[in-house]
Amino acid sequence: KAGVTQTPRYLIKTRGQQVTLSCSPISGHRSVSWYQQTPGQGLQFLFEYFSETQRNKGNFPGRFSGRQFSNSRSEMNVSTLELGDSALYLCASSLVGGMDTEAFFGQGTRLTVV
Amino acid sequence: SQQGEEDPQALSIQEGENATMNCSYKTSINNLQWYRQNSGRGLVHLILIRSNEREKHSGRLRVTLDTSKKSSSLLITASRAADTASYFCATDDGGGSYIPTFGRGTSLIVHP
């Protein structure tokens with residue numbers, strides 16, 4: 001079966017702009033989580049969506065937001081981009097979420113803010 | 001601060017040798033997972049171990065969990081060049097919410 005698909009793979013944006021990243025989960029998976037990975041901070045949890053509702057949220061400013069559609073596809077939006085937002089953004093899907101189930105990750109979107 | 005911290009930060013071995021990496025965490029957990037990440041790509045789930053389990057195996061992988069020491073170890077036996085990757089542990093907060101915390105990872109290089 002098809003894996004988790006993230007688009008685009010690479011993105012270059014200017015400081016102050018906004019960006020939208022997309023994640024298509026594995027068919028049948030209802031939970032989608034987003035992570036930010038940087039060399040300095042490592043992998044950090046952004047938020048999790050389940051059945052179109054944000055169920056859990058990490059410690060990120062309100063500039064980071066997301067949503068999930070009825071087909072479980074999810075988008076993440078970052079407004080007023082800062083240089084420090086440059087990172088690899090990963091999404092992961094699982095059947096129902098939770099740390100007691102396996103999560104499947106996409107290849108990530110590498111965002112560069114200049 | 002990170003809930004899980006891997007040790008060592010980097011490990012370099014020859015093909016055929018065993019690789020052991022450790023993960024320590026601060027607060028009680030319900031579940032601990034190990035993931036592998038090849039350079040700049042997505043993570044691949046390796047093993048899930050629950051707090052009431054002490055050891056799990058999957059192929060050449062062996063994971064142990066010592067809740068009294070708040071630590072876990074991942075052993076890769078008979079390493080191959082293809083095992084070259086970063087390895088991360090992820091823990092929950094023991095409270096039932098899904099907010100996984102990842103360590104900084106161990107970078108493993110297996111020389112052919």
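In what follows, every chain begins at residue 1, and chains take the letters A, B, ... in the order their sequences are listed.
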With a sphere of 6.0 Å drawn around [atom1] of [X], does it hold more than 12 non-hydrogen atoms of other residues, nucleotides or ligands?
X: N71(A); atom1: CG; answer: yes
X: R80(B); atom1: CZ; answer: no
X: E53(B); atom1: CD; answer: yes
X: R60(B); atom1: CZ; answer: yes

Check each of Q44(A), M99(A), E48(A) against P100(B) using the side-chain contact (heavy atoms from CB on, under 4.5 Å) test, and report the only one that passes. M99(A)
Please name all residues satisfying salt bridge (Lys or Arg N to Asp or Glu O under 4.0 Å) with R41(B), sequence neighbours left out, ordered by chain then number. none
State plainly whether one hydrophobic cluster holds both [X] and [Y], where clusters connect Ile, Leu, Val, Met, Phe, Trp and Tyr through side-chain heavy atoms under 4.5 angstrom apart.
X: V32(A); Y: Y35(A); answer: no
X: F102(B); Y: F60(A); answer: no
X: V110(B); Y: Y87(B); answer: yes
X: L11(A); Y: M76(A); answer: yes
X: F45(A); Y: L43(A); answer: yes

Which bit of Q6(A) is near chain B, if near means a heavy-atom gap under 4.5 Å: side chain, backbone, both or neither? neither
Using modelled atom types only, decide if a donor and an acceptor are shared between the side chain of Q33(B) and the backbone of T101(A) within a distance under 3.5 Å. yes
Given side chains that start at C-beta, do those of D100(A) and R50(B) come closer than 4.5 Å, heavy atoms only? yes
F69(A): what forms a ring pair (Phe, Tyr, Trp, His ring centres under 6.0 Å) with it, not counting sequence neighbours? none
Which region of L48(B), side chain (C-beta onward) or backbone (N, CA, C, O), has a non-hydrogen atom less than 4.5 Å from a non-hydrogen atom of chain A, or is it both or neither? side chain
In short, L43(B) meets F105(A) closest at the heavy-atom pair O-CB, 3.2 Å
Chain B neighbours within residues 106-114 of chain A, where any heavy atom lies under 4.5 Å away: G106(A), Q107(A), R110(A)
Mind checking which of residues 77-90 of chain A sit less than 4.5 Å from chain B, heavy atom to heavy atom? L88(A), L90(A)
Contact winner vs chain B - Q37(A), E102(A), R9(A), heavy-atom pairs under 4.5 Å: E102(A)
